[in-house]
Each structure stands twice: as C-alpha cells, then as structure tokens.
Amino acid sequence: LAEALNRKGDTTLAMFLLNKGISSAKSSDRPAGYERWGTNKGIRGRVNLSPVTIPAGVDKNNFTAVQLAIEDLIIEERALELAFEGKRWFDLVRIAERRGDPAYLANKVAAKFSDPVQAEMIRNKLMDPNSWYLK
C-alpha cells in the first residue's frame, strides 16, 4: 500500500505507513478515508525500528526525486522483510519496468556476486529486459 500511495503522489501517507503508521500522525495529519487505519503501527513501527527518512542529498523540492527516494526506502524494507522468501525478483522487475531503467535490476542482482567477472556478466545479461523472463 505504501508503494502504491507513493506512486499515486501521496508521499506523506506512504512515509507514515513505512515508518510508525497512521496512529503516530497528529490527528490533523491523518488522511480522510483512512479512519480504520487509526491503529496501524506502520511497517517499521510494529517491530520498534527507528523511522527512516528521505536521504540527505535528495532535493526535497523535486517531487520526482522525493518519490524515487521513498520508493527505494520501501523496496529496501521489502528486501529485509522478505529475505530468503524468493519474492525479491518481482519487486526488482516491477521497479525497473516502472522506471524504464534495466540498470536498476541489473545492478541489484549483480551486487550479489563476489566474483567481479561473474557480476559483470550477469549485469550485462540483465541489461536486456528480454532476458528477464523465461521463453
């Protein structure tokens, strides 16, 4: 939901859901239509993790840059939450397709390999979106 809201343009609500939830927001900041979410503790808040923020260096006046930074935070959180469950591929493909940037997927997958030659071979293969799916 946080990813969808972020892409819809509601970056504030996406950050609430990613961090400590709507229940942590001041009542004046709680969005209309989300009353049932009033007890939501957020993704990080439910396990007492510190909130994440938009990284320094991101131009907060550039909406697209903020949106991409939040998307990166959400995908990083999903990687931690879904480690070893085989769900990461679908996230990486979805984001790479949405951004129109095959390097996003290629770089993330290549980073897993300690052998630089093998990492570069994998990266080069994944730069072609036709190699992302079985024929």
Side-chain angles (χ1 to χ4, degrees):
L1 180 58
E3 183 182 346
L5 288 166
N6 182 53
R7 274 296 165 163
K8 184 180 156 200
D10 198 339
T11 56
T12 301
L13 184 53
M15 286 298 284
F16 278 137
L17 291 176
L18 177 60
N19 285 310
K20 298 219 177 222
I22 295 172
S23 61
S24 69
K26 294 182 278 181
S27 58
S28 61
D29 289 337
R30 290 187 184 166
Y34 288 87
E35 291 79 15
R36 292 184 182 176
W37 287 73
T39 59
N40 175 277
K41 294 181 181 178
I43 297 166
R44 297 179 63 79
R46 69 183 169 81
V47 289
N48 295 320
L49 292 175
S50 300
V52 292
T53 58
I54 297 168
V58 173
D59 180 1
K60 296 195 175 62
N61 295 318
N62 180 336
F63 181 77
T64 302
V66 169
Q67 199 174 37
L68 290 175
I70 293 172
E71 185 171 74
D72 287 342
L73 291 171
I74 292 168
I75 295 302
E76 182 179 319
E77 192 65 36
R78 280 189 55 84
L80 295 171
E81 177 117 4
L82 300 173
F84 309 109
E85 292 184 21
K87 307 286 186 194
R88 183 86 168 132
W89 177 257
F90 305 106
D91 286 345
L92 297 177
V93 168
R94 183 179 63 253
I95 301 303
E97 285 180 339
R98 184 182 302 141
R99 292 182 180 186
D101 181 11
Y104 181 85
L105 176 126
N107 291 337
K108 297 279 187 188
V109 174
K112 293 177 21 175
F113 296 90
S114 56
D115 176 9
V117 173
Q118 189 177 18
E120 189 60 24
M121 181 185 76
I122 295 293
R123 184 185 183 292
N124 289 337
K125 181 172 181 75
L126 293 175
M127 285 300 291
D128 178 8
N130 292 317
S131 64
W132 296 355
Y133 302 99
L134 296 174
K135 294 183 187 216

Q: Is Leu82 linked to Leu92 within one hydrophobic cluster, defined over Ile, Leu, Val, Met, Phe, Trp and Tyr using a side-chain heavy-atom separation of less than 4.5 Å?
A: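 Hydrophobic grouping puts Leu82 apart from Leu92.
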
Q: Hey, are the side chains of Leu68 and Arg99 touching, using non-hydrogen atoms and a 4.5 Å cut-off?
A: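 Yes. Closest side-chain heavy atoms under 4.5 Å.
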
Q: Does anything in residues 78-96 form a side chain to side chain donor-acceptor pair (under 3.5 Å)? List the pairs, not counting sequence neighbours.
A: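 Of all non-adjacent pairs touching residues 78-96, those that pass side chain to side chain donor-acceptor pair (under 3.5 Å) are Glu3-Arg94, Arg46-Glu81, Arg78-Asp91, Asp91-Arg94.
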
Q: What closest approach, in Å, do Ala106 and Met127 show between heavy atoms, and which atom pair accounts for it?
A: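 Where Ala106 meets Met127 most closely, the heavy atoms are CB-SD, 3.7 Å.
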
Q: Taking all non-hydrogen atoms of both residues into account, name the closest pair between Ala14 and Ala2 and its distance.
A: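 Minimum heavy-atom separation between Ala14 and Ala2: CB-O, 3.4 Å.
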
Q: Connecting only ILVMFWY residues whose side-chain heavy atoms lie within less than 4.5 Å of each other, what is the rest of Val58's hydrophobic cluster?
A: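 When side chains under 4.5 Å apart are linked, the cluster holding Val58 also contains Met15, Leu18, Ile43, Val52, Ile54, Val66, Ile70, Leu73, Ile74.
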
Q: On a heavy-atom basis, which atom in Arg123 and which in Ala103 lie closest, and how many Å separate them?
A: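 Smallest interatomic distance, heavy atoms only, reads NH2-CB, 4.1 Å.
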
Q: Using only atom types and a distance under 3.5 Å, with no angle test, would you say the side chain of Trp132 pairs donor to acceptor with the backbone of Val93?
A: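 Here the side-chain-to-backbone pair does not exist.
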
Q: Does Thr11 reach the main-chain N or O of Asn6 with its side chain, forming a donor-acceptor pair under 3.5 Å?
A: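 Checked: no pair found.
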
Q: Compare every heavy atom of Ala96 with every heavy atom of Tyr104, then report the nearest pair and how far apart it is.
A: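 In terms of heavy atoms, the two residues are closest at CD2-N, 4.1 Å.
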
Q: Within a reach of under 6.0 Å around NZ of Lys112, are more than 12 heavy atoms found that belong to other residues, nucleotides or ligands?
A: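 Atom NZ in Lys112 is not crowded, with 12 or fewer foreign heavy atoms closer than 6.0 Å.
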
Q: Heavy atoms only: give me the nearest Pro51-Asn19 pair and the separation to one decimal.
A: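 Taking every non-hydrogen atom into account, CA-OD1, 3.0 Å.
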
Q: Checking Asn61 now: which residues fulfil side-chain hydrogen bond (donor to acceptor under 3.5 Å, both in side chains) with it, not counting sequence neighbours?
A: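 Expected list: none.
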
